[in-house]
Amino acid sequence: PAATAVAKNVYAVLDLYGRITAVSIVSS
Amino acid sequence: NKPFKLRKNFVTRKQEAAGIRSKFSNKIPVIIERYEREKFLPPLDKTKFLVPHELTMTQFVTIIRNRMALLPTQAFYLLIDNSGLASMSLTMAQVYKDHQDEDGFLYMTYASQEMFG
């Protein structure tokens, strides 16, 4: 079976205080 | 370092933005890229941001400036693609409402000058 390509996108998530956390959005 | 729009086709970008908006309904997906002919400002370590919709442009610019560790004397402009400077008092939600791309992202370019030559 063909492998499903899974791509991870990393977004910088900001809060109101300017702090940034990285979030990985996994898409196929 | 291809521009985001050249790395992914329209359908993929549209799906991605829609997925993000459904998961993070209080955040605006923003793509920030350096002006291609920029000579003075350093590259940002991140391109893709999820920004609180109530953040103002002033607050957002401050966050990005701090991220880049710019000196107070260094000029920095955040331009809404194809539209130029946005009012600094607008919230990200307002800017997104007026300037979101067809794919669902909000595109911005940063430069050390406010007009492209």
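Just so we're clear, the structure is a prediction, and the values are computed from it rather than from any experiment. Lettering follows sequence order; numbering is per chain, from 1.
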T58(B)-T56(B) side chain donor-acceptor pair, cut-off 3.5 Å: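 On atom types as modelled, these side chains do not qualify, holding no pair under 3.5 Å.
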Donor-acceptor side-chain pairing of S112(B) and E38(B) below 3.5 angstrom: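 Judged by distance alone, the side chains do pair up.
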Closest contact, heavy atoms only, A93(B) versus I28(B):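 Where A93(B) meets I28(B) most closely, the heavy atoms are CA-CD1, 4.3 Å.
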Among the listed options Q15(B), R67(B), Q59(B), the residue most often paired with chain A at heavy-atom distances under 4.5 Å: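 Highest number of heavy-atom pairs under 4.5 Å: R67(B).
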Which of N26(B), T62(B), I20(B) touches chain A most, by non-hydrogen pairs under 4.5 Å: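 Sorted descending by pairs with chain A, the first entry is I20(B).
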Portion of I64(B) that has a non-hydrogen atom of chain A nearer than 4.5 angstrom: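 Contact with chain A: none, neither part.
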L50(B) versus chain A, the contacting section by heavy-atom distance below 4.5 Å: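 Backbone plus side chain of L50(B), per the 4.5 Å heavy-atom cut-off to chain A.
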Note: K5(B)-D103(B) ion pair, threshold 4.0 Å (strictly below):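 No, this pair does not count.
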